[in-house]
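Below: the structure, in structure tokens.
Nothing fancy with the numbering, it's 1 onward along the sequence. Owing to the predicted nature of the structure, the values given are computational and were not obtained by experimental measurement.
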Amino acid sequence: MELDVKIDNDSLLIPINNPFSLDLEITVKQIEGFASSKGIELHDLNIKGLIPKMIRGIAGCEQGCPSDAKSLTTRGFKGFDLEYVEGGILTAKAEPVNGRTLYLKMFPDF
């Protein structure tokens, strides 16, 4: 899996080699560091809660793919606009500071 984090025209690509044993702390610190370098503070956004849900939405298809991803987008997640894109891709968009957009896009391995 891969997580693409975008702010304006800049992007940070985070590989997720094993979604079932992700070091969430390191991943969140990478995202926060990238956002901070672009002048965005993510204090009000629960990135740490969102990332595992996005992973389970793609990799944890207990009820058959893509039902979990679509279910996540239906339930939503506070502070983010979620969308399922054909091919098993999940996106999350938030405007944390001054109208600048933080965009997360998670790609499956298949």
Side-chain angles (χ1 to χ4, degrees):
M1 299 180 86
E2 290 182 335
L3 176 62
D4 186 18
V5 183
K6 290 189 178 193
I7 298 171
D8 299 328
N9 293 325
D10 296 316
S11 178
L12 170 69
L13 191 61
I14 301 172
I16 300 173
N17 297 324
N18 184 347
F20 302 106
S21 67
L22 173 71
D23 189 332
L24 186 57
E25 295 297 324
I26 289 175
T27 302
V28 170
K29 285 184 190 289
Q30 287 177 304
I31 295 168
E32 290 174 341
F34 176 65
S36 179
S37 76
K38 303 299 172 198
I40 295 177
E41 295 299 323
L42 303 177
H43 300 299
D44 294 335
L45 294 175
N46 184 3
I47 300 287
K48 190 174 184 177
L50 176 65
I51 299 299
K53 289 188 180 296
M54 290 181 77
I55 288 172
R56 280 192 298 276
I58 294 173
C61 297
E62 297 88 4
Q63 299 172 349
C65 293
S67 66
D68 289 335
K70 288 184 179 180
S71 175
L72 174 61
T73 60
T74 300
R75 286 188 318 270
F77 196 84
K78 183 181 177 189
F80 291 91
D81 293 322
L82 303 177
E83 183 178 344
Y84 171 77
V85 180
E86 290 301 320
I89 300 167
L90 275 174
T91 65
K93 183 172 77 169
E95 293 186 16
V97 175
N98 301 329
R100 296 180 71 195
T101 302
L102 170 71
Y103 191 69
L104 306 173
K105 187 183 257 186
M106 188 161 301
F107 298 89
D109 247 351
F110 49 87

Are side-chain heavy atoms of [X] and [Y] found at a separation under 4.5 Å?
{"X": "Y84", "Y": "T74", "result": "no"}
{"X": "S11", "Y": "V5", "result": "no"}
{"X": "M1", "Y": "I58", "result": "yes"}
{"X": "L42", "Y": "V28", "result": "no"}
{"X": "E32", "Y": "I47", "result": "no"}
{"X": "L82", "Y": "L50", "result": "yes"}

Could you tell me the separation between the [atom1] atom of [X] and the [atom2] atom of [Y], rounded to the nearest 0.5 Å?
{"X": "L12", "Y": "D4", "atom1": "CG", "atom2": "CG", "answer": "8.0 Å"}
{"X": "F80", "Y": "E95", "atom1": "CZ", "atom2": "CD", "answer": "12.0 Å"}
{"X": "I55", "Y": "L24", "atom1": "CD1", "atom2": "CG", "answer": "7.5 Å"}
{"X": "N9", "Y": "K38", "atom1": "CG", "atom2": "NZ", "answer": "10.0 Å"}

Give the cluster check for I7 versus M106: same hydrophobic cluster or not, with ILVMFWY residues linked at side-chain heavy-atom distances below 4.5 Å. yes
Under a 4.5 Å side-chain heavy-atom rule over Ile, Leu, Val, Met, Phe, Trp and Tyr, are L3 and I89 clustered together? no
Do you know the tightest heavy-atom contact between [X] and [Y]?
{"X": "I14", "Y": "Q30", "answer": "CG2-OE1, 3.6 Å"}
{"X": "A94", "Y": "G79", "answer": "CB-O, 3.2 Å"}
{"X": "E83", "Y": "T73", "answer": "C-CG2, 3.5 Å"}
{"X": "G88", "Y": "P108", "answer": "O-CD, 3.3 Å"}
{"X": "F77", "Y": "G49", "answer": "CZ-C, 3.5 Å"}
{"X": "P19", "Y": "I16", "answer": "CA-CG2, 3.7 Å"}

If we ignore hydrogens and angles and just use 3.5 Å, is the side chain of T27 paired with the main-chain N or O of D23 as donor and acceptor? yes
State whether the side chain of D8 and the backbone N or O of D10 hold a donor-acceptor pair below 3.5 Å, judged by distance alone. no
Scan L72, L90, N46 and name whichever one has a side chain to side chain contact (heavy atoms under 4.5 Å, CB included) with K53. L72
Report the C-alpha separation of K105 and E2 in whole Å, then their side-chain angles, then the decisive distance to 0.1 Å, and conclude whether the salt bridge (charged side-chain N to carboxylate O under 4.0 Å, His left out) test is met. CA-CA 8 Å; K105 187 183 257 186; E2 290 182 335; over 6 Å; no
